[in-house]
Structure formats: C-alpha cells, structure tokens
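Down below is the structure, laid out as structure tokens.
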Amino acid sequence: RAIYETLRALNPNPTTELLYTTPFELLVAVVLSAQATDKGVNAATRVLFKVANTPRALLKLGEERLSSYIHSTGFYRAKARNVIRLSQALVDHHGGEVPRNREALERLPGVGRKTANVVLNTVFGEATIAVDTHVFRVANRTNLAPGSDPEEVERRLLKFTPDEFKTNAHHWLILHGRYICKARMPECWRCPIAQWCEYRHKTPAPARVDVQSVERRCSPILLRHMAQTSERVRAVTVGSGCARLDAEAPRVSRGVRRS
C-alpha cells in the first residue's frame, strides 16, 4: 500500500503518454506501440491522424499508404495489416465504434490482452491492469507481484492492489519503470519507493564529476570542440574523462571550424 500511496502523492492523475483524442485513436496507437516507444508512435500518429483517424478513413487510405505513415514504428507491414483488418471488423460488427467489452476487443486483429486492458482502463475507466515490459519488470524487481509471465503478474497485481489504486496502478508502474526502474540500470538512488523495494542489487548514485579537473586532462582540440557543441555533448565528453574522445580527436575535429 505504501508504494501506491507514494506514487499517487507524486502523480495523482497519471495517464498514458500516447497521444489520442478518441477511443479509436488510442486503440490504433496501442497496436502501433508494440516493440516501439511512445515517442516514436506519437511522431507517426501526429501526422497519420490528421489524414485518417476513423475506421472508415483508414480503410479508404489503404494498407500501402498506411504503411508509409507508420514505417518508423517498426514491423510496419504487419501493423498496417492489423490496423486495416481491425478497422474493417469495427465497421462490420460494431458500427465503427470501439467496443467496451474485453472479449470483443480481443477478437480484433492485433489486439491482445494488454491492448484490451489499456483501452478498457484509459478510455472506459475500468480497473484493469495492463502488464507491459515496464510493469512486468517493476512488479518482479520490487517483489510487488512477482510472476513468470505477464498474465501471472496481472493476476497478482489485481489480487494484491487495494481497490482505490487499481484504476491508476498500471500507469504509475509503467511510468516508474520507464523513467526510474529502468531495464539496464535502475536509478535506485532517486527512487521514491526504494525503502519498500526488495531488489537486492540497488544501484548507488553516480560519482560527482570534477569538471575542471577532467577538462585539464583533455587535449586542446577536444576543448575547442566542446566549446562549440551542445551542453549534452559537453557533458558526455566530460563524463568520459576525454580518454575515448581524445583518441577520436582527428575524426571529431573535422566538424570543428578552425580559428
């Protein structure tokens, strides 16, 4: 309970980071999000939905043209095929509307349990918990709801999550996994729920970098390069101790205007 109370205090009204204005737009966005980032999906749908954002409009657009809009999301041919097929199914069997029924949703091409849960929760406010890779990781790492597969994790989360938190639970856990409890290197030193987390290999805070000391060890050509690049590039250069970038100085310097 303390975990959810803490996450709620930090973000009382969480929601998906996918951009949408209608239930159908969200359904399409979630289908496109398989093996893709929300940022990448949003970039594609921001353009696509201006052209076609209803089942009938997408059917008119066609699979080939749809593919060109969603190419950047990966597996675009299979996704385009599924979106066209689910659009046809919605027109044929649901009057072009997204059904508020799990069984009907899961019968749509390209829609599995996770996608159905997202739509039922985000659009219709049902207390479902969608388990994606972030939720699966957080539930297992923290021992909040350990399980060997997404459905087991979902069952455990539904069983042990107090009712008052169920509607927002998967949003909190997704965002926590995306920005703090990351896959390769969890940022345990700034985790608000670390005291209740049972992960045994908590990561310490990164060491502070003495920028001036590191810069003194950089070659003049790298210092000149750093002075003309962005804050992010300078931070990477300093953080690396300049050793690797010094070795690449001739290549890097080609983009530096000589005084």
Side-chain angles (χ1 to χ4, degrees), residues 1-18 20 23-38 41 73 75 78-79 82 86 89 98-184 186 191-194 196-200:
R1 185 181 189 87
I3 288 176
Y4 288 122
E5 287 178 339
T6 301
L7 294 177
R8 180 174 63 183
L10 292 170
N11 187 1
N13 301 297
T15 189
T16 179
E17 292 186 319
L18 291 170
Y20 73 98
F24 180 71
E25 286 186 358
L26 178 63
L27 175 61
V28 171
V30 178
V31 170
L32 297 181
S33 71
Q35 304 299 313
T37 64
D38 286 3
V41 172
T73 67
F75 303 99
K79 290 179 180 180
N82 281 332
L86 75 82
V98 175
R100 186 176 182 171
N101 177 281
R102 175 185 298 283
E103 290 71 26
L105 282 168
E106 292 188 20
R107 281 197 294 269
L108 296 173
V111 176
R113 187 173 184 84
K114 185 202 79 172
T115 298
N117 278 336
V118 172
V119 172
L120 290 170
N121 176 275
T122 306
V123 173
F124 301 114
E126 296 192 15
T128 60
I129 300 180
V131 178
D132 70 348
T133 181
H134 298 301
V135 175
F136 185 80
R137 179 173 63 254
V138 172
N140 276 285
R141 265 191 187 156
T142 60
N143 207 35
L144 179 64
S148 58
D149 58 66
E151 288 199 20
E152 183 179 6
V153 168
E154 180 187 341
R155 286 194 299 271
R156 286 173 176 261
L157 284 171
L158 288 171
K159 180 178 180 180
F160 297 115
T161 300
D163 289 344
E164 66 180 291
F165 301 115
K166 282 181 180 175
T167 300
N168 290 324
H170 94 269
H171 293 300
W172 285 321
L173 297 177
I174 286 172
L175 294 173
H176 187 70
R178 182 173 293 158
Y179 296 111
I180 295 180
C181 194
K182 300 176 181 178
R184 292 187 178 181
C191 175
I193 61 172
W196 303 289
C197 173
E198 297 183 27
Y199 184 54
R200 290 184 295 175

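Numbers here are sequence positions counted from 1.
- For the pair K182 and H134, the minimum side-chain heavy-atom distance is 4.5 Å or more.
- The one candidate from L144, V131, L158 that meets the side-chain contact (heavy atoms from CB on, under 4.5 Å) condition with V153 is V131.
- Residues E17 and L175 have side chains in contact (heavy-atom distance under 4.5 Å, counting atoms from C-beta outward).
- Counting non-hydrogen atoms of neighbouring residues, nucleotides and ligands closer than 6.0 angstrom, the CD atom of E164 exceeds 12 such neighbours.
- Contact of the V118 side chain with the L18 side chain is not registered, since no non-hydrogen atoms from C-beta on lie closer than 4.5 Å.
- The side-chain heavy atoms of T142 and E198, taken from C-beta on, include no pair separated by under 4.5 Å.
- At least one side-chain heavy atom of Y20 sits less than 4.5 Å from a side-chain heavy atom of T122.
- P14 pairs with exactly one of L173, T167, I174, N168 by the side-chain contact (heavy atoms from CB on, under 4.5 Å) rule, that one being N168.
- Between H176 and L7, the closest side-chain pair of non-hydrogen atoms falls below 4.5 Å.
- Taking both residues in full, the closest heavy atoms of V138 and G177 are given as CG2-CA, 3.6 Å, listed atom of the first, atom of the second, then distance.
- P146 and R156 make their closest contact through O-CD, 2.6 Å (heavy atoms, listed as atom of the first residue, atom of the second, distance).
- Atom NZ in K114 sits 12.5 Å away from atom OG1 in T128 (nearest 0.5 Å).
- Among all heavy-atom pairs drawn from N101 and L120, the shortest one is N-CD2, 4.1 Å.
- Taking CH2 of W196 as the start and CG of N143 as the end, the distance is 16.0 Å to the nearest 0.5 Å.
- No side-chain heavy atom of E126 sits less than 4.5 Å from a side-chain heavy atom of N121.
- Shown here is F75, whose CZ atom has no more than 12 heavy atoms of other residues, nucleotides or ligands within 6.0 Å.
- Formation of a donor-acceptor pair under 3.5 Å by the R141 side chain with backbone atoms of R200 is not found in this model.
- Here the side chains of T115 and L105 are not in contact, with every heavy-atom distance at 4.5 Å or above.
- Contact record, K79 with T73: NZ-O, 2.9 Å, taken as the closest heavy-atom pair.
- Classification of the Y4-W172 ring pair by plane angle, with boundaries at 30° and 60°, yields tilted.
- V41 and A29 make their closest contact through CG1-O, 3.7 Å (heavy atoms, listed as atom of the first residue, atom of the second, distance).
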